[in-house]
Amino acid sequence: MNSKMAEGEFEVVPIPQVSLAPDQLSRKFLLCQVCNDIYNEDGKHARLLPCLHSLCFECLNKTKVNDQLQCPTCKVTHNVSNVDKTCPRDNTRRDLMDFVKVKRAPTAVGCTACPSNIATHRCRQCAEFLCGECESAHKRVNATKNHILLELEKLKQSSDLDAFCRQLLCSEHPDNDLKLYCTKESCQKPVCMMCAIVTCKETNGHKIESADTVANSKRQIIRDQKVKMEDVGKQIQSVTNDVKAEQEMVSKLRKSVEDEIDKTFDSLEQIISQGRADLKKTLEDDVMVKQDNLKTQDADLKRMRSEIEESSKFTDQALAYTNAPAFLQVYQTIQNRLKTLTDQFFDKEPHEMATFGFHAKGLVSEIQSKVAEMANIWSVSAFPPNCKVEFGDDLEENKAATFIVKLKDFQKKGPFKDGGLDVTDMKIIIKDPKGAETECARKMKKGSTDELEVTVKPTMTGRHSLEIRVLDRVVVSKDFESKPETGFAAVVRGSRKEPSPQKTPPVRREVPKPEQPATPLGIQKPDMTFDRDKAHKDVSISADGKVFKNISAGDQTEPVPSNSRLQKYKGALCAKGIKYPGRYYYAIKMEIKVKKPLDKSNLVYELGIARKSVIGKNLVVEGEKFAWSMIGAHHVDCDAICLHIAHNNHLLYHEVLTKNETGSTMERVFGFLLDTEFGQWKVFDHKIEKEICVVESVDCSEFLYPVVAGYNPNSVEVTATFMDV
């Protein structure tokens, strides 16, 4: 490689060294995978398949069917409609064959020009083996005297193929080497100088470059691609190691679960065995009692029978006496004894009966069903790349939110193979910014087999981490941000929340302001009570005015003046009204108990606020100009008692409260914030501090009174209680 090269010669770029033994090289690269023949220069020349396995040209043509060829080595099927393009001729095998010849037996290699003579050298430029005479001639001829000649014995010790590279000749111009390369898109092939002049003219869009230059560039592309491929190979090896480790863990876990099964059922067998022994002991005790009683009775009867037999014999003997005075002397004694034995009491039936047995009706089937129900083998095949977490709205501090976890296996199918979610050892953990862990509630989404509804309530702001763990192994991990709280929680804690954009501007009234403007208004929590004197006759109010019930007329216990009560509105209003300015919060606990199913669209209750002038005009205040409310009623589509909040004929909120079935119950605490400054009536779930709905455009220029109504007392019991907040 350090020798000077003749002018016009091309430099052969060294190729990687060969590490395989000659026999291995021959088997792996020089034999056709179908006919097992050695490749040659003719019909059995090597063809390279897209999968980088090879066949001889003859076998390729025999193997392909309808332009489809299945590789005999890897079984991958290739489209070979254009054989020369898809499966190019692989001329590197020729160089490899010469390399193997020298490696196996350099003293057996024949001279290329004189086959009967043993070769001693190889010319790198001519790619020919030379005997001693040819070597001498090579050095004398001007055309070849500067060629590099290599001794075969030294080549045998080498591990690279550089000395065996054979220059290819042009098929169109056999006397010319393929030293150039046409880079035109439609050409893309090595060419000779004559081809560059005749067929690959630059005037026709062809571009000619040195074959070495192009080859070096493409070698670098291959090297770079090989590095990337080997990186993938390392990743595959890493995953292979993980798969192997997982196989070992599966086998280990199987043994652990089998041991747990055996332990559980061994305990059951012990329990059953002990139960058998206890039952037999109970049987033995009961039988012994019966036998003892019967034995005692039998002994008493035998004694009595013996006494009768003895007395009978004595009486027969006495009756046989003919001596009257003697008989009369013992007569009374005999008569007394016979009378005593005749009149003595004894039970006419056995004291005990063979009336006992073993009751185990349904025991076997019950145990069988319980074993099937309570003993399960669960299996989860969650594949992390196919699993994802969907967060809905932005999560807020101290605000409960529900998000969806979608679990899939590697085939994107449901992950729960047996047992289902309920018996799976799965935990959903939230880590807060301080690292504290909280387990979240989860349930399967209705109608789904792979989507979980997870409820989370962050207790602080900042980055949180969600982890789905199965047997304490993390299957899915997802980070999310928790923002500062807004809505009810922020309001109660004194922080102000700007009102949401309003579709309809709230009604504002000019109200005289105090001479000294107040600081920003806080939350007022008035003590609310129902006006007992104004309540409808079919409802009842507790003595303290805190509790409302929809009792029927027959249940009414207090005489009240009928003219002062609400006539049409079956409810009650608050004793005090609310008016601008201010922000007022109050809470009402609603309790429902269904006595019998309601008919279609039957009303249950109404909660709202209204001007006193509109309360009592109709059965409900909903729909009145200066009234805003929420209705609980039987909903036909849901066949349940549902909550509806509507305004201006637009449904703002709907929720199922309880089933329309006898015995169904519901308890819920609703919080209400009346913001007279912004004309908003906000409804909250008081216990979880969640905003349910905001009713806009509330006219607070006159007093508004909280109202409660209850309907259909024969079908449903309604209780409303003002809560201390």
- Message: L466 and side chain to side chain contact (heavy atoms under 4.5 Å, CB included): which single residue from I430, D479, V476, I429 fits?
- Response: I430

- Hey, are the side chains of L69 and L60 touching, using non-hydrogen atoms and a 4.5 Å cut-off? yes

- Task: Verify whether one side chain among D266 and Q270 offers a donor that lies under 3.5 Å from an acceptor in the other.
- Result: no

- With a 4.5 Å heavy-atom cut-off, do I38 and M97 have their side chains touching? yes

- Determine the sole option in K281, R276, Q274, K280 for which the side chain to side chain donor-acceptor pair (under 3.5 Å) test with D278 is passed. Q274

- Could you tell me whether K406 and E451 have a side-chain N and a carboxylate O separated by less than 4.0 Å? yes

- Query: Would you call K445-E453 a salt bridge at under 4.0 Å N-O?
  - Reply: no

- Distance-only side-chain donor-acceptor flag, Q220 / N216, under 3.5 Å: no

- Query: Hey, does the side chain of E689 reach the backbone of K687 with a donor-acceptor pair shorter than 3.5 angstrom?
  - Reply: no

- Message: Which residue in the set R668, K399, K690 passes salt bridge (charged side-chain N to carboxylate O under 4.0 Å, His left out) when paired with D685?
- Response: R668

- Would you call V257 and I377 a side-chain contact if the rule is heavy atoms closer than 4.5 Å? yes

- Message: Under a 3.5 Å distance rule, please check whether R47 uses its side chain to pair with a backbone N or O of C87 as donor and acceptor.
- Response: yes

- Item | Heavy-atom side-chain proximity of Q247 to V243 below 4.5 angstrom | yes

- Item | Carboxylate-amine/guanidinium proximity below 4.0 Å for R469 and E439 | no

- Query: Does NZ belonging to K44 count more than 12 external heavy atoms closer than 6.0 Å?
  - Reply: yes

- Query: Does a sphere of radius 6.0 Å around CD in E258 hold more than 12 heavy atoms from other residues, nucleotides or ligands, not counting ones at 6.0 Å or beyond?
  - Reply: yes

- Sub-4.5 Å side-chain heavy-atom contact between K408 and D450: yes

- Does a sphere of radius 6.0 Å around NZ in K184 hold more than 12 heavy atoms from other residues, nucleotides or ligands, not counting ones at 6.0 Å or beyond? yes

- Are any of the side-chain heavy atoms of L452 and I468 separated by less than 4.5 Å? no

- Who passes salt bridge (Lys or Arg N to Asp or Glu O under 4.0 Å) against E128, sequence neighbours left out? none

- Apply the test side chain to side chain contact (heavy atoms under 4.5 Å, CB included) to residues F416 and M426: give CA-CA distance (whole Å), side-chain angles for both, the deciding distance (0.1 Å), then the verdict. CA-CA 11 Å; F416 300 103; M426 174 185 288; 3.9 Å; yes

- In terms of heavy-atom contacts, does CD of Q237 have more than 12 from other residues, nucleotides or ligands at under 6.0 Å? yes

- Query: Do D259 and K255 meet the salt-bridge criterion of a basic N to acidic O distance under 4.0 Å?
  - Reply: yes

- Query: Is the shortest distance from a Lys or Arg side-chain nitrogen in K427 or E437 to a carboxylate oxygen in the other one below 4.0 Å?
  - Reply: no

- Are any of the side-chain heavy atoms of R93 and S54 separated by less than 4.5 Å? yes

- Item | Separation between CE of M374 and OG of S369, rounded to the nearest 0.5 Å | 10.0 Å

- Message: A side-chain contact here means heavy atoms from C-beta on lying under 4.5 Å apart; do L152 and R122 qualify?
- Response: yes

- Item | Ion pair E248/K252, N-O distance below 4.0 Å | no

